[in-house]
Amino acid sequence: MASVAPPPLSCHHHHKLAIHHRTTWTWNHNNNHPFPSFTVPKSSLSPPTTHKREHLSRTKTHSPTQRHEPFFQRLHDLCDSGNLNEALNLLHSHSQNGAVSSSHITAEAIGLLLRACAHHKDIEVGRKLHAMVSSSHQLRNDVVLNTRFITMYSTCGSPSDSRSAFDAAEKKDLFLYNALLSGYARNALFRDAVSLFLELLSATELVPDSFTLPCVVKACAGLADAELGEAVHALALKGLLSEEEGLALDVATMVTVIPACAALGEVRMGMVLHGLAFKLGVSEEVTVNNSLVDMYSKCGKVSREEFIPSL
């Protein structure tokens with residue numbers, strides 16, 4: 001048997017990716033589509049509770065938002081009517097004259113405008129807001145705003161801008177991954193969605209949740225490559241259905257993910273998984289080793305004949 005030496009990579013991963021969210025599955029017996037339909041639960045596109053700012057701690061008499069109630073009411077009216085340039089001018093004028101001194105209030109106002117940009121498909125105002133936030137030391141690393149920028153761009157039909165916003169974010173948590181994953185699926189970039197999912201599994205310690213996995217299943221359903229779609233679909237389905245055990249990075253998972261990397265030509269992710277398989281002690285398993293040989297061969301890195309058979 002050919003034995004593949006692990007690449008010199010440092011992989012810091014847990015042995016299990018624990019998934020403990022419940023997803024409702026609905027099987028449609030009236031069509032011949034190989035993938036099930038499903039109900040996506042409310043999940044992690046919403047900011048975490050720790051980012052809900054002053055709404056969790058404000059008092060009735062001293063709320064910063066209440067002190068700026070006329071400003072927010074005017075901003076709401078402009079957003080509802082679609083006058084987003086005027087709303088942006090209002091935000092600028094209040095920021096420059098010191099009427100909006102709190103970064104939390106500014107972030108709330110920007111978030112309101114971003115939702116309106118997505119609703120009215122006004123990407124130009126969205127880009128101006130992005131430039132405004134990027135130039136702010138206080139706001140540029142705001143996870144909530146960065147997530148909303150990704151969502152706004154994808155809703156406006158510009159997933160490339162979503163990817164740029166994702167890449168520019170210093171901190172990449174599951175909310176950012178889910179927003180970009182959803183944007184790829186929304187814009188029918190199914191291979192990009194699957195590639196991002198593999199990146200999430202292989203290059204981070206983040207835990208896919210009950211929003212991540214149904215989006216991946218949807219992307220698999222849209223793939224023209226049936227073999228790749230079925231492989232990643234099986235992995236996502238395993239994660240969704242194994243609420244007690246979690247999604248384990250075991251032999252069965254490895255022999256699903258590694259061929260998916262080969263089909264996408266993602267040798268970098270394959271190398272990360274190779275290092276991880278070595279760390280977990282499963283790289284010498286026959287099925288894992290064969291998957292690695294096949295992956296490197298398909299990615300043009302080596303041929304089978306270049307491997308030295310193990311004794």
Side-chain angles (χ1 to χ4, degrees), residues 1-19 163 166-167 169-174 176-178 180-181 184 191-209 212-213 216 219-220 225 227-239 242 245-311:
M1 181 187 72
S3 179
V4 190
L9 298 177
S10 176
C11 300
H12 302 285
H13 296 269
H14 297 298
H15 287 212
K16 277 197 174 184
L17 295 176
I19 298 172
R163 181 73 205 202
F166 176 86
D167 290 340
E170 290 185 8
K171 179 182 179 181
K172 294 178 176 63
D173 63 5
L174 188 61
L176 266 71
Y177 271 95
N178 281 349
L180 185 57
L181 187 63
Y184 280 153
R191 290 182 72 86
D192 289 313
V194 171
S195 179
L196 183 68
F197 176 60
L198 294 177
E199 176 186 324
L200 173 65
L201 286 181
S202 65
T204 79
E205 295 183 1
L206 298 174
V207 179
D209 67 2
T212 315
L213 295 167
V216 175
C220 292
D225 188 333
E227 183 178 354
L228 172 60
E230 289 174 3
V232 182
H233 172 265
L235 177 64
L237 182 61
K238 176 183 177 182
S242 56
E245 295 83 9
L247 179 55
L249 284 176
D250 52 16
V251 171
T253 303
M254 286 291 180
V255 297
T256 299
V257 180
I258 292 170
C261 292
L264 287 171
E266 289 286 355
V267 67
R268 180 182 62 82
M269 292 182 191
M271 291 175 70
V272 172
L273 287 168
H274 187 181
L276 181 58
F278 179 79
K279 180 179 179 180
L280 296 178
V282 299
S283 61
E284 293 304 313
E285 293 285 341
V286 175
T287 52
V288 175
N289 194 65
N290 287 344
S291 295
L292 289 167
V293 172
D294 187 61
M295 183 271 296
Y296 284 122
S297 177
K298 287 182 177 178
C299 291
K301 291 298 178 183
V302 295
S303 65
R304 288 177 182 270
E305 290 75 16
E306 290 177 298
F307 288 102
I308 301 174
S310 59
L311 298 178

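We're numbering straight along the sequence, starting at 1.
Note that CG of Asn178 and CZ of Phe197 are 10.5 Å apart. Values are rounded to the nearest 0.5 Å. Here the straight-line distance linking atom SG of Cys220 with atom CZ of Arg191 works out to 11.0 Å at 0.5 Å rounding. Distance OH/Tyr184 to CZ/Arg163: 4.5 Å, rounded to 0.5 Å.
When all heavy atoms are compared, the tightest approach of Leu176 to Lys171 is CD2-O, 3.7 Å. Ala193 approaches Ala219 most closely through the heavy-atom pair CB-CB, 3.7 Å. Nearest approach of Leu174 to Pro208, heavy atoms of both residues: CD1-CA, 4.4 Å.
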Subject >> Glu284 and Phe278: CA distance, side-chain angles, deciding distance, side chain to side chain contact (heavy atoms under 4.5 Å, CB included) verdict >> reply: CA-CA 8 Å; Glu284 293 304 313; Phe278 179 79; 5.9 Å; no

**OP:** Apply side chain to side chain contact (heavy atoms under 4.5 Å, CB included) to the pair Asn290 and Val255, showing each step before the final yes or no.
**Re:** CA-CA 9 Å; Asn290 287 344; Val255 297; over 6 Å; no

**OP:** Apply side chain to side chain contact (heavy atoms under 4.5 Å, CB included) to the pair Thr204 and Lys172, showing each step before the final yes or no.
**Re:** CA-CA 9 Å; Thr204 79; Lys172 294 178 176 63; over 6 Å; no

Original post:
Could you walk me through whether Cys261 and Leu198 pass the side chain to side chain contact (heavy atoms under 4.5 Å, CB included) check?
Top reply: CA-CA 8 Å; Cys261 292; Leu198 294 177; 4.2 Å; yes

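Residues Ile258 and Asp294 have side chains not in contact (no heavy-atom distance under 4.5 Å, counting atoms from C-beta outward).
In terms of modelled atom types and a separation under 3.5 Å, the side chain of Ser291 and the main chain of Thr287 share a donor-acceptor contact.
With sequence neighbours excluded, the residues forming a side-chain contact (heavy atoms from CB on, under 4.5 Å) with Ala277 are Met254, Val282, Ser283, Val288, listed by chain and number. Among residues two or more places apart in sequence or in another chain, the side chain to side chain donor-acceptor pair (under 3.5 Å) test is passed with Tyr177 by Glu199.
When each of Thr212, Leu201, Leu181 is tested with Leu196 by the rule side chain to side chain contact (heavy atoms under 4.5 Å, CB included), just one qualifies, namely Leu181.
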